Amino acid sequence: MAQLRRDFFAAGAHRIAEELIGATLLVDGVGGVLVELEIYDQNDPASHSYRGPTARNASMFGPPGHAYVYRSYGIHWCLNFVCAEPGEASAILVRALEPTHGVGQMVERRGRDNPLELCAGPGRVCQALAVTGRLDGLPLDRPPFELLARDSEPEISRSPRIGITRAQERPWRLCLAGSPYLSRGPRRG
DNA sequence: CACAGGATATACT
DNA sequence: GTATATCCTGTGA
């Protein structure tokens with residue numbers, strides 16, 4: 001598998017997200033296969049970047065190929081990949097992984113061992129991979145991050161995004177079709 | 001199934 | 001300043 005360079009992200013988030021389903025994400029050697037992603041672009045009322053830069057979302061307006069990590073509901077962390085298309089600040093939210101590397105460490109960090117729930121949800125992914133605000137703004141092609149391109153093209157299913165109230169109709173949740181590691185079933189948005 | 005937990009942002013007074 | 005909403009999850013009913 002080839003390491004993805006950060007200029008891979010200097011394109012539209014929609015196209016990039018399709019190419020990332022099935023790729024492998026590691027943080028300090030711990031991680032797995034990306035099976036669920038959501039797209040947020042600047043023309044999107046549900047995106048943090050919609051109303052312009054703030055202290056929290058500054059990374060979304062920085063160079064593509066970097067991480068945007070934000071605190072969710074005051075408790076959890078959520079990891080995004082910053083993308084860029086002309087005139088936009090867009091990002092891809094990592095919602096679920098299929099655990100493949102360092103499963104023991106993930107179980108230890110999460111305090112739970114159900115493999116189907118280890119990384120099924122954006123907050124769980126960050127807990128299992130020890131992603132916190134200290135990684136906000138860091139490049140994705142340097143340690144502790146590692147992104148490996150997929151070997152073959154998977155079947156992708158699209159559905160509405162989760163946990164938002166605006167622009168719910170946009171089918172910008174991308175899943176690896178049939179994966180049991182999703183944060184929710186492939187149906188029902 | 002309902003809801004607490006609690007950072008960050010926005011919309012009000 | 002207060003109030004309300006949010007890219008969520010574990011716990012207890």
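By convention in this document, chain letters (A, B, ...) are assigned in the order of the sequence lines, proteins followed by strands, and residues within each chain are numbered from 1. Owing to the predicted nature of the structure, the values given are computational and were not obtained by experimental measurement.
In this structure, A:His48 does not reach the B:dA9 phosphate: none of its side-chain N or O atoms is under 4.0 Å from OP1 or OP2. Side-chain N/O atoms of A:Arg71 include none lying less than 4.0 angstrom from OP1 or OP2 on C:dC8. Contact check, A:Arg112 against C:dT11: a side-chain N or O comes under 4.0 Å of OP1 or OP2.
Within a 6.0 Å radius of CZ in A:Phe61, more than 12 heavy atoms belonging to other residues, nucleotides or ligands are found.
Residue A:Ile75 is classed as a base contact, given a heavy-atom separation below 4.0 Å to a base.
B:dG6 is unpaired under the criterion used here, namely a Watson-Crick or G-U wobble arrangement in which both key atom distances are under 3.5 Å. Nucleotide C:dC7: unpaired (no Watson-Crick or G-U wobble partner with both distances less than 3.5 Å).
Between the CZ atom of A:Arg173 and the C1' atom of C:dC7 there is a distance of 12 Å, given to the nearest Å. Summarising the geometry, the separation between OH on A:Tyr40 and C1' on C:dT6 is reported as 11 Å, rounded to the nearest angstrom. In this structure, A:Ile162 places its CD1 atom 15 Å from C1' of C:dT6, rounding to the nearest Å. Put simply, NE2 on A:His76 is 8 Å from C1' on B:dG5, counting in whole angstrom units. Rounding to whole angstrom units, CZ of residue A:Arg95 and C1' of C:dT6 are separated by 13 Å. Counting to the nearest Å, the C1' atom of C:dT6 and the CG atom of A:Asn57 are 14 Å from each other. Counting to the nearest Å, the C1' atom of C:dC7 and the CG atom of A:Leu174 are 15 Å from each other. Put simply, CZ on A:Arg161 is 13 Å from P on C:dT6, counting in whole angstrom units.
A cation-pi arrangement, defined by a distance under 6.0 Å to the six-membered ring centre and an angle within 45 degrees of its axis, is present between A:Arg161 and A:Tyr40.
Place A:Tyr70 and A:Gln127 on DNA chain C by their nearest nucleotides, and A:Tyr70 ends up nearer the 5' end.
Taking only distance into account, the side chain of A:Tyr73 never meets the base of C:dC7 through a donor-acceptor pair shorter than 3.5 Å.
Rounded to the nearest Å, the gap between the P atom of B:dC3 and that of C:dA5 is 15 Å.
The closest donor-acceptor contact from the side chain of A:Asn57 to the backbone of A:Thr54 lies under 3.5 Å. Side chain of A:Arg110 to backbone of A:Met106: no donor-acceptor contact under 3.5 angstrom is found.
The A:Ser72 side chain lies nearest to C:dC8 when the options are B:dA9, C:dC8, B:dA7. With C:dC7, C:dT9, B:dT10 as the candidates, the nucleotide lying closest to the side chain of A:Arg124 is C:dT9. Listed candidates were C:dC7, B:dG5, C:dG10. Nearest to the side chain of A:Arg110 is C:dG10. Looking at the side chain of A:Ala55, the nearest of the listed nucleotides B:dG5, B:dA9, C:dC7 is B:dA9. In this structure, of B:dG6, C:dT6, C:dC7, it is C:dT6 that holds the atom nearest to the side chain of A:Thr165.
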Full working for salt bridge (Lys or Arg N to Asp or Glu O under 4.0 Å) between A:Arg6 and A:Asp141: CA-CA 6 Å; A:Arg6 79 182 70 161; A:Asp141 59 356; 3.1 Å; yes
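Nearest heavy-atom pair, A:Arg170 versus A:Asp44, reported as atom, atom and distance to 0.1 Å: NH1-CA, 3.7 Å.
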